[in-house]
Amino acid sequence: MNTIEEKNMELLTSLNASNFPFKFLFIFMVVFLVSFFIIPKIRSISLYLNLTDQPNNRSSHTHVVPSFGGVSFYISYLLVLFFSQSLDDNHVSLTLIVSISILFFTGFLDDLKNLSPKFKLIGQILGVAVLMFQPDFRILSLHGFLGVYELPFLLSISISMLFLLSLINAFNLIDGIDGLTGITGIIVASFYSFMFFKLDFFFYFSICLATIATLLAFLRFNFSKTKKIFMGDTGSLVVGLVLGLLTLKLLSLGNQSYQVLSFNREQLPLFLGAVLFVPLLDMFRVMLLRAIRGVSMFKPDRNHIHHIITDFGFSHRKASFSIGVFNFIIAFTMFLVIRKYTSLQSTLILVSLFVIAILLIFLMNKNKKALQLKLKIKKSMLRLFF
């Protein structure tokens, strides 16, 4: 009898295994098709209700464009969380829905009424705070990175919230030209999907697939000349949150989980920093410049990486793809580096890449203040050597 039961279980397991890839293909295709067909409807409704992005002195577009493409992202995540409930071993789906919903409505109101930075930040804090009830989305330990191991409870919550808020705003900041946030999000989600698949975390793997699918569908319209739509804060806040919570999930895992990836768990933050290289670089660079100049951290300007690249003569599409390829190369390079070198060596390499990138951006910058600074440096060098 036991033999018959064992054979039946083996048969059931083999049938489930054979259907396994099709489940994820199904999720990907459903999310892509729903996004692809719903985005034009969102665009039409936005135009009818005059819910558009009006061009100003910082805008690169000259005509009104609907900016509620992020509505499709929200619907896509609700779909994937519904279809992937059977994979949710830790029962975090409801928490994710609540958190994503708070960020979605915060972005939606901001696109409608231009919320003040203060109210926008309050909405982000509430959405992030919900996640802190789940250990899956807290940095519990650094596993020896920088000599730090277990973190106290309150410090764990504080660091996790600060990191997540920073990443949400980093993605919000790079959403300044067509395609950049979408392409960057696809690259980050692709690396994460590889990691979650290898680690057998298929619930989070399905969320990565949904992110790639909905962003691919969105790019078709974001790059269009006749059917253009922006994701708006409605989209960038939600994408930033989802990629942030996926990052925290990876950081919450212990040493043993990462043996399958053939690199030291201690070096994981370095690899994730490389995967998120462009949004983190742009955020830290812009915030530093604003602090040096004594202006508000929330004051918009044209000093982002994408502005510098487009001012250098690149079209939006070329700039976005170039920045995306650059991000991919950095991430892939660091994946190889951390498998070969020590933590200290890997850290020095990543820091060097950040410094080199900042210098290259500075040399390319045609902003008036940057040109003035270059002239001042040139005069100082001439006085020093001559």
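The distance from the CG atom of L180 to the CG atom of D282 is 8.0 Å, given to the nearest 0.5 Å. Atoms CD1 and OG, from I27 and S84 in turn, are 3.5 Å apart once rounded to the nearest 0.5 Å. One finds the CZ atom of R317 at 12.0 Å from the CD1 atom of I177 (value rounded to the nearest 0.5 Å). Atoms CZ and CZ, from F196 and F191 in turn, are 14.5 Å apart once rounded to the nearest 0.5 Å. The structure places CZ of F354 at 13.5 Å from CG of L359, a figure rounded to the nearest 0.5 Å. The OH atom of Y192 sits 13.5 Å away from atom CD1 of I207, with the distance rounded to the nearest 0.5 Å.
Among the candidates V337, I330, L348, the single residue satisfying the side-chain contact (heavy atoms from CB on, under 4.5 Å) test with L353 is I330.
Residues that satisfy the side chain to side chain donor-acceptor pair (under 3.5 Å) test with Q85, not counting sequence neighbours, are absent from this structure. The side chain to side chain contact (heavy atoms under 4.5 Å, CB included) search around S343 returns E266, Q267, not counting sequence neighbours. By the side chain to side chain contact (heavy atoms under 4.5 Å, CB included) test, Q134 pairs with V92, T95, D136, F137, sequence neighbours left out. Residues that satisfy the side chain to side chain donor-acceptor pair (under 3.5 Å) test with S101, not counting sequence neighbours, are Y74. For F36, the ring-ring contact (aromatic ring centres under 6.0 Å, His included) partners at least two apart in sequence or on another chain are F32, F221. With sequence neighbours excluded, no residue satisfies side chain to side chain contact (heavy atoms under 4.5 Å, CB included) with K225. By the side chain to side chain contact (heavy atoms under 4.5 Å, CB included) test, N327 pairs with T184, F277, V278, P279, sequence neighbours left out. Residues passing the ring-ring contact (aromatic ring centres under 6.0 Å, His included) test with F314: none are found, sequence neighbours excluded. Not a single ring-ring contact (aromatic ring centres under 6.0 Å, His included) links F171 to another residue, sequence neighbours left out. Shown here are the ring-ring contact (aromatic ring centres under 6.0 Å, His included) partners of F37, two or more places apart in sequence or in another chain: there are none.
The shortest distance between side-chain heavy atoms of L199 and L250 falls below 4.5 Å. Inter-residue side-chain proximity for K249 and N90 is flagged as met; some heavy-atom pair is nearer than 4.5 Å. Side-chain contact between N222 and M231: absent, with no pair of heavy atoms (C-beta onward) separated by less than 4.5 Å. Inter-residue side-chain proximity for L51 and D111 is flagged as unmet; no heavy-atom pair is nearer than 4.5 Å. By the 4.5 Å heavy-atom criterion applied to side chains, L81 and L94 are not counted as neighbours. When side chains are defined from C-beta on, I75 counts as touching V71, because their heavy atoms get closer than 4.5 Å. Within the 4.5 Å cutoff, the side chain of P40 has no heavy atoms near those of the K227 side chain. Contact check for L103 versus Q124: side-chain heavy atoms found under the 4.5 Å cut-off.
Criterion: ILVMFWY side-chain heavy atoms under 4.5 Å apart, direct or through other members. Under it, I187 and V325 are not part of a common hydrophobic cluster. No chain of hydrophobic side-chain contacts below 4.5 Å, direct or via other Ile, Leu, Val, Met, Phe, Trp or Tyr residues, connects L289 to I361. Residues L162 and F133 do not share a hydrophobic cluster, clusters being chains of Ile/Leu/Val/Met/Phe/Trp/Tyr side chains in contact below 4.5 Å. With hydrophobic clusters built from ILVMFWY side chains whose heavy atoms lie under 4.5 angstrom apart, V351 does not share a cluster with F326. Following chains of ILVMFWY side-chain contacts shorter than 4.5 Å, one cannot reach I356 starting from I309, and the two form parts of different hydrophobic clusters.
Looking at every heavy atom in both residues, D88 comes nearest to S93 through OD2-OG, 2.7 Å. The heavy-atom pair separating T310 from S315 by the smallest distance is CG2-O, 4.5 Å. Across every non-hydrogen atom of A357 and L281, the tightest pair is CB-CD2, 3.7 Å. Scanning both residues, L253 and R265, for their nearest heavy atoms gives O-NE, 2.9 Å. Nearest approach of S99 to V128, heavy atoms of both residues: OG-N, 4.4 Å. What you find for A189 and I212 is that their closest heavy atoms are CB-CG1, 3.7 Å.
Ring planes of F83 and F26: perpendicular class, angle over 60° (limits at 30 and 60°). Ring geometry for F202 versus F205: interplanar angle over 60°, hence perpendicular rather than tilted (30 to 60°).
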### Message
Run L350 and M334 through side-chain contact (heavy atoms from CB on, under 4.5 Å) and show every step you take.
### Response
CA-CA 7 Å; L350 183 60; M334 283 306 298; 3.9 Å; yes

### Message
Determine whether M195 and L268 satisfy the following criterion, side-chain contact (heavy atoms from CB on, under 4.5 Å), listing intermediate values before the conclusion.
### Response
CA-CA 11 Å; M195 295 177 74; L268 177 66; 3.7 Å; yes

### Message
Run the side-chain contact (heavy atoms from CB on, under 4.5 Å) test on F230 and T181 for me, step by step, so that the C-alpha distance in whole Å, both residues' side-chain angles and the decisive distance to 0.1 Å come before the verdict.
### Response
CA-CA 10 Å; F230 296 150; T181 305; over 6 Å; no

### Task
Please assess V286 against H304 for the test side-chain contact (heavy atoms from CB on, under 4.5 Å), listing each intermediate value before the final yes or no.
CA-CA 7 Å; V286 168; H304 295 280; 3.4 Å; yes

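Residue pairs that meet the ring-ring contact (aromatic ring centres under 6.0 Å, His included) test with at least one member in residues 330-349, sequence neighbours left out, are F271-F335.
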Donor-acceptor contacts, no H, no angles, side chain residues 144-158, under 3.5 Å, sequence neighbours left out:
unit_1	atom_1	unit_2	atom_2	d
S156	OG	I139	O	2.8
S158	OG	L154	O	2.8

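Of the possible donor and acceptor atoms, one in the side chain of R43 sits under 3.5 Å from a partner among the backbone N and O of K228.
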